[in-house]
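Chain letters run A, B, ... following the sequence lines, proteins first and then strands; every chain starts at 1.
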Amino acid sequence: MTINVWRVFRRHLNVLKKTWLNNLMFNFIEPFLYLLAMGFGLGNLVQEVDGISYLQFIGLGMIASSAMWAATFEATYGSFVRLHYQKTYHAMLATPATVADIVLGDLLFAALKSLIFGTVILFVVTAIGLVHSVWALLIFPFMLIHGFFFATVALTFTSWCKHIDYFNYYITLFSTPLFLFSGIFFPLNTLPAWAQWLAWLNPLFHSVEVVRSLGLGRLEPFLLVHVIILIALSILLAWLPIRMMEKRLIQ
Amino acid sequence: MTSIIKAKNLYKRYGDFTAVNGIDFCIDEGECFGFLGPNGAGKSTTMRMLYGLSRVDAGELTILGEKISLTPPAIKAQLGIVPQEDNLDPDLTVMENLLAHARFYGIPSSEAEAKSKELLEFMGLDVKSDDDVESLSGGLKRRLVIARALINEPKIVILDEPTTGLDPAARHLVWQKLRQLKERGISLLLTTHYMEEASQLCDRLVIINQGKILAEGSPDWLVQTLIPPEVIQVNLPSTSLPTGLVERVKELKAHPVILPEMTFLFTPAGDQLWEQLSSLGLNPRSCIHRPSNLEDVYLTLTGGNLGQ
């Protein structure tokens with residue numbers, strides 16, 4: 001790992017500067033549709049959840065999911081296009097950059113995208129009065145940890161993936177279940193005990209807990225456990241896409 | 001002269017397939033060295049080992065004095081790579097492609113900008129500086145890839161089929177630029193399956209087939225040494241040749257090489273052999289008499305069954 005990680009990141013930043021309007025606008029539409037349909041539509045039927053309005057309940061959760069999707073799409077489709085179609089990785093490997101530099105540069109960039117997408121939703125839910133605490137500021141650094149983790153998992157899949165269509169499986173069979181059973185749309189304590197235990201295996205659940213608590217100012221030491229789980233998993237897993245990508249690129 | 005790349009008994013295997021099967025070569029500083037061979041001969045695999053996309057399985061590979069198994073970043077910093085497939089960054093403009101590449105060598109941005117401008121001018125791309133890469137023609141893309149490979153002022157430029165797919169005018173322009181690089185003292189290493197490219201550019205070359213080196217030398221030396229100076233090319237499929245041709249040609253001191261679609265009759269005395277064509281049962285209208293060239297050497301070594 002060298003300064004070249006930063007140089008890879010800089011290349012992605014250059015591209016983002018040109019394409020951010022097309023790139024970002026479309027992706028923001030989906031969380032807003034959820035907020036409208038669920039928050040205002042379903043929210044009329046639902047009373048309070050955990051002492052807050054349903055719109056507030058899901059609005060804060062959507063910060064985490066939006067950030068997860070951003071990192072996921074960047075580290076799947078985004079990285080795969082560079083790897084497979086554009087051969088950008090190969091071009092970088094002709095320079096002193098190594099596979100580890102490229103993978104970590106991609107992960108950092110995906111984490112940045114998480115931060116950007118999470119931030120926009122955070123601004124929106126703050127603007128409509130759903131955020132109640134200055135602790136919400138801690139959501140910014142947390143988005144980077146959260147994004148790095150989901151990017152690591154996604155890039156591991158990408159380094160194995162042979163065809164762009166396979167990402168449909170990843171999105172449908174992995175990301176979507178995480179999204180639906182993360183405690184964004186309903187509190188998990190309404191589920192049977194075994195299902196609550198299962199939720200602990202859902203990384204997005206940990207993020208939703210952290211983001212929602214920070215937004216509401218409901219701080220408790222236990223939140224650190226969720227954060228530490230994500231950091232530990234990121235450190236444990238980050239070598240995996242590096243090794244797998246090395247195997248794929250260097251024969 | 002000092003050697004900058006040296007390979008001794010080099011091997012590369014993919015599973016059961018041996019792509020490079022114990023080759024030796026030595027490239028001197030400042031020369032243009034060529035790998036000539038058909039597709040799948042092991043040329044690209046050898047190039048990949050040189051520029052760090054493949055590990056050396058067995059044998060010794062020394063680049064710029066360092067023995068390597070996977071080319072390390074410090075060596076890569078002194079190489080310029082022109083891969084077979086254009087891998088320009090389509091998300092960036094022509095100029096930005098060079099600048100983004102320069103960053104990986106730690107070239108300060110003001111210096112990178114000056115160097116990029118100079119290279120775009122050298123490759124005749126200066127008017128395209130702000131264009132999208134996607135809008136460039138195949139020939140211009142190739143020139144940009146070469147410009148990119150020069151951004152770090154490399155000691156060695158490795159070109160994997162630099163002109164494949166280009167039209168003749170674009171090809172000649174690339175050749176002219178490569179000659180200019182050689183004049184500047186840059187060592188060139190290229191793979192090709194174009195004879196003309198090899199004979200126009202290379203000081204020395206190896207002919208490689210099925211992972212093995214079949215011959216090595218300067219293009220002229222190979223032609224003069226390995227085959228007789230003249231050839232009568234018979235444009236008939238091997239199945240339509242008159243019976244007993246091989247034996248009768250050999251009696252006339254000529255050396256037949258039979259390929260599926262044509263036959264070469266190599267000879268030191270072409271005129272005399274030409275006069276015998278009808279007696280050999282050949283129609284002179286399907287035959288051409290010409291001096292032998294590098295392509296004959298290549299076809300003889302890689303495809304001919306030497307009349308046996």
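Heavy-atom distances place no part of A:Val99 under 4.5 Å from chain B, backbone and side chain included. Residue A:Arg10 touches chain B through both its backbone and its side chain, counting heavy-atom pairs closer than 4.5 Å. Contacts between A:Leu249 and chain B at a heavy-atom distance below 4.5 Å involve the backbone alone (N, CA, C, O). Both the backbone and the side chain of B:Asp91 come within less than 4.5 Å of a heavy atom in chain A. Contact of B:Glu85 with chain A is made through the side chain alone, with heavy-atom distances under 4.5 Å. Heavy atoms closer than 4.5 Å to chain A are found in the backbone of B:Leu88, but not in its side chain.
Taking the ring axis of B:Phe122 as reference, the NZ or CZ atom of B:Arg184 stays within 45° of it and closer than 6.0 Å to the ring centre.
Of the possible polar contacts, none joining the B:Asp132 side chain to the B:Thr93 backbone as a donor-acceptor pair under 3.5 Å is found.
The most heavy-atom pairs under 4.5 Å with chain A, out of B:Pro90, B:Ala77, B:Ala100, B:Gly52, come from B:Pro90. Note on A:Arg82, A:His90, A:Lys18: by heavy-atom pairs under 4.5 Å with chain B, the leading option is A:Lys18. The candidate from B:Asp89, B:Ile75, B:Asn87 with the greatest count of non-hydrogen atom pairs under 4.5 Å with chain A is B:Asn87.
In A:Lys87, the NZ atom is crowded: over 12 heavy atoms of neighbouring residues, nucleotides or ligands sit closer than 6.0 Å. Counting non-hydrogen atoms of neighbouring residues, nucleotides and ligands closer than 6.0 angstrom, the NZ atom of B:Lys128 reaches no more than 12 such neighbours. Under a cut-off of 6.0 angstrom, the local environment of CZ in B:Arg55 is sparse, with at most 12 non-hydrogen atoms contributed by other residues, nucleotides or ligands.
Aromatic rings from A:Tyr34 and A:Phe179 are positioned such that their centres are separated by under 6.0 Å.
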